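Note that this is a predicted model, so its numbers are computed, not measured. Chain letters run A, B, ... following the sequence lines, proteins first and then strands; every chain starts at 1.
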Amino acid sequence: MTVRERRARISATSHCVNYCLRIVIDLYVMFGHAYSLRWISCIMSCIALGLLSGGTLLAQTKAKAQNVPEIPFDTIPNLIKLPPGLYLGESMGVATNSKGHFFVYTRSANTRLFEFDQNGNYVREIGAGNYGFEFAHSVRVDPEDNIWVVDEGTNMVIKFNPAGRVVMVLGHRPDVIAGALSTTVGPAPLAGKYILGRPTDVAWDPQGDIFVSDGYVNNRVVKYDKNGRFITQVGSEKAGTGKTELNLPHGIAVDAKGNVYVADRSNHRLQVFDNDLAFKASYDNIGDSWTVCVSPGPHQYLFTSNSNPNGNAPGSWDITGEIYKMELDGTILGRFGHASKQAGGFQVVHMMDCRNPNEIFVAEIESWRVQKLMLKPQAAK
Amino acid sequence: MRGYMKRFLQMFPGVVLLAGMQAAAQTPEIAFDSVANLLKYPDNVTIGEVAGVATNSKGDLFVYTRTGHPTISLGTSRPFAHGGSRLYQFDKTGKFVREIGQDSYAFLVAQQVRVDPQDNIWIVDQMSSMVIKFDPAGRVQLLLGRKSESERVPSNPPPAAGRGGAPGGGGAEGPPARGGRGPAGAGAQSDLFQRPTDVAWDAAGNIYVADGYGNARVAKFDKNGKFIKSWGFRGTAQGQFNSVRGIALDAQGNVYVADAGNKRIQIVDGEGNFKSQIDNVGAPSAVCITPGSHQYLYSSNSNPAEDIDNGGEIYKVELDGRIVGKFGRAGKLPKEFGTVNAIDCRRDNELYVGEIGNWRVQKVILHPSN
């Protein structure tokens, strides 16, 4: 264990214990000793957290794949033209619809959803003041051009029709009065069929079934039918490294056969499941899979980003930040990009859109922007 | 004999299942249609969880909805809470008319809206623990309860009727505390509420407040808002409540209390004396009583947010407790219900249903039985 890892473990544990103590004091002031067992289990789980995973919380992984060809590309960094008075914050999600318009789900003072046309001109805001908007995480557009957002602040997935009206919601925003204790550090509650815990992303199979990666509190993928009824899940509230376990499923995509690709971020891998969420394959040579997308069309490609982390340690930019283009079977075709704050580089890629596999939209957390990347043909080997 | 029966049932558990299915089959299904996309409103209006829906005498609709969570101000002497809910008026075709009570001091977590016989609009807010009467023009006429000056962060105590019971409340039976805001469930003899849920009136205009999640009581005020009395505290016996989720009065002044935690509707007179109870309608989470000469009670066995595969049906009941029928089930499609929190039944067989889970108002048209 390196000094840095040891420090990270100690720091994670002590932060967690501190948090428990604050809860304990609060509960004691309010109710006396009625919650004594709860805080003991809280502290126990902190110790476990420190022993098992504290060291990996801040770590970032250099991809194992060697000698991957570089894919040359151009970028359009100032793609978005915002009217005066409108700003993007952290760009968490970007997605295109069938007309080439694209949607950006962003964390500004309030979390907001904007639509732009194919030239980057501002079209409109959707869902202003929506009850489910609190802390943006993902936006995706389904084959019928419905716009879906995933909000990790309210634990909700919201489906807007193309006109921008809410037509379905999944999950339940914690009630105000119960809320602050609902999703915490500490022992996670059992993963309920219809309660999400900081969900991260959404995708659909050709039948319209809905797949939700869930998330920071739970460590699972849930499959719902198109009307929002629970069908099955893989993983659970507990993180794990087994084939059917996940550790921070952070992004999700589905191919035309209904296979499910999950960015299993803290397990440093990309997991593939079949349509019933049975294990198929694991791609562990592409670093930490932060986010994934699968292009449509007869020959589908898989893209995954080994995003450079928040809280960069010296040297981490040198080994992370690249995006991989792959065949669905896991064969790596090439890589592009690197960690940087300059245009053409990436500063924590959070989401990609690859409706056109040669035109990738990239949303970056720490550069508050959306880039459009034009991939060029690779040089022959 | 008892021992024999027990052994018999252990050997043949299917018998119990069969009996249960038979009981369920005895409740007729009422055929119905629904209009799930009733409301039409401009883009600057947002509808979140629909906690309350009510009609006035002209057929206008009032919707009290949770549009966000209250915001806490930091860098102040204490944490102060602002905003979170909005009250809208629509005409009988569902077209947006106006907003009422914009930026109100007490609109934090919408719980219910009701319209009295004079077309005054009453809202109940669960977090500010206030009941506000607006006149038909939308101006404040009367206030019951008082919003806490500041909030505890992180949040208030867990809900008294929540999962696994709660400290200070949860199933503990005991005498009411004296005055003020005692521990949850104490049923305090006070004109302050703890997470109230509903409001209703008798023919003389006396006001009855269902109070609620925190306290487990009914509070009675005269028509001018003077506190008269309250009854009930947390428990399972007659006259005790475990989460009072709704309240409605019939023309005789009997009070129907949705005692959801005890899975029953208790019927008491206007002074709180127990008369009877209805206990085969699931957990009554929203109730209403039709006007007119033959009155009916509607009661929703609302599904909790974490389960849309069970419950969710609404019962139509004679005031004597005889069940006429039931309709609907939990789900997200039209004609399915997501955690119903309000029913308006000004017109029998034409209901407006407010759903927390599906963020919508459904107009439900029941088909007369044959």
Side-chain angles (χ1 to χ4, degrees), chain A residues 19 22-23 26-35 38 110-111 124-134 153-156 158-159 161 163-182 184 189-196 224-230, chain B residues 36-37 40-41 43-50 65-72 81 84-86 108-109 126-127 151-160 162-163 165-170 183-184 195 213-214 303-309 330-333 336 338-339 356-360:
Chain A
Y19 186 87
R22 271 172 43 208
I23 292 178
D26 231 41
L27 288 173
Y28 188 81
V29 168
M30 283 190 280
F31 314 120
H33 59 276
Y35 268 74
R38 186 163 293 188
N110 296 302
T111 271
R124 60 173 172 162
E125 179 170 8
I126 296 169
N130 187 286
Y131 182 66
F133 284 14
E134 189 67 46
T154 59
N155 295 344
M156 299 216 61
I158 303 159
K159 176 185 181 182
N161 65 15
R165 290 307 174 104
V166 175
V167 286
M168 185 165 77
V169 297
L170 298 172
H172 175 67
R173 184 175 184 165
D175 290 326
V176 174
I177 291 168
L181 298 174
S182 293
T184 63
L190 290 177
K193 287 179 181 177
Y194 296 104
I195 301 293
L196 304 170
Y224 297 101
D225 76 9
K226 64 176 194 254
N227 299 320
R229 281 197 190 274
F230 179 92
Chain B
N37 57 352
K40 294 157 196 75
Y41 46 91
D43 281 338
N44 62 352
V45 167
T46 62
I47 304 242
E49 295 182 345
V50 174
T65 175
R66 300 170 187 167
T67 50
H69 274 184
T71 306
I72 299 286
S85 291
R86 296 169 80 176
L108 297 180
V109 177
Q126 196 193 119
M127 185 169 169
E151 296 299 325
R152 182 188 294 273
V153 176
S155 73
N156 286 332
R163 280 158 265 178
R195 303 181 63 194
Y213 284 102
N303 62 301
E306 60 267 25
D307 180 11
I308 70 165
D309 298 322
K332 296 178 186 290
L333 294 171
E336 295 180 336
T339 315
I356 290 203
N358 294 333
W359 298 14
R360 70 182 175 196

Query raised in the report: Hey, what do you get for CG (A:N130) to OG1 (A:T154), rounding to the nearest 0.5 Å?
Result: 8.0 Å
Report summary line: Under 4.5 Å to a heavy atom of chain B? For A:V166 that would be side chain
Report summary line: When rounded to the nearest 0.5 Å, the distance separating CZ of A:F133 from OG1 of A:T111 is 8.0 Å
**Report entry** Residues that A:Y224 engages under side-chain hydrogen bond (donor to acceptor under 3.5 Å, both in side chains), provided they are two or more places apart
**Finding:** none
Query raised in the report: Which one of A:K193, A:R173, A:R124 has the most heavy-atom pairs closer than 4.5 Å to chain B?
Result: A:R173
**Report entry** Atom pair CG (A:N161) and CD1 (A:I126), whose distance is rounded to the nearest 0.5 Å
**Finding:** 9.5 Å
Query raised in the report: Is it the side chain or the backbone of B:D43 that comes within 4.5 Å of chain A heavy atoms, both, or neither?
Result: both
Report summary line: Between the OH atom in B:Y213 and the CE atom in B:M127, the distance rounded to the nearest 0.5 Å is 15.0 Å
Requested in this report: Report the option among A:A128, A:G127, A:G129, A:G192 that has the most heavy-atom pairs separated by less than 4.5 Å from atoms of chain B.
Outcome: A:G129
Requested in this report: Applying side-chain contact (heavy atoms from CB on, under 4.5 Å), run through B:E49 and B:V109 and close with a yes or a no.
Outcome: CA-CA 10 Å; B:E49 295 182 345; B:V109 177; over 6 Å; no
**Report entry** Toward chain A, the part of B:E336 with a non-hydrogen atom under 4.5 Å
**Finding:** side chain
Requested in this report: Using non-hydrogen atoms and a 4.5 Å limit, figure out which bit of B:D309 sits close to chain A: side chain, backbone, both or neither.
Outcome: both
Query raised in the report: For B:L108, is it the side chain, the backbone, both or neither that has a heavy atom under 4.5 Å from a heavy atom of chain A?
Result: neither
Query raised in the report: What part of B:A81 is in contact with chain A, defined as an atom under 4.5 angstrom from a non-hydrogen atom: side chain, backbone, both or neither?
Result: neither
Report task. Mind checking ring-ring contact (aromatic ring centres under 6.0 Å, His included) for A:H172 and listing every partner two or more places apart, or none if nothing turns up? Result -> none
**Report entry** Which of B:R360, B:H69, B:R66 touches chain A most, by non-hydrogen pairs under 4.5 Å
**Finding:** B:H69
Report summary line: When rounded to the nearest 0.5 Å, the distance separating CZ of A:R165 from NZ of B:K40 is 11.0 Å
Requested in this report: Heavy-atom distances under 4.5 Å only: say whether B:L333 touches chain A with side chain, backbone, both or neither.
Outcome: side chain
Requested in this report: Answer with side chain, backbone, both or neither: which region of A:L170 has an atom nearer than 4.5 Å to a non-hydrogen atom of chain B?
Outcome: both
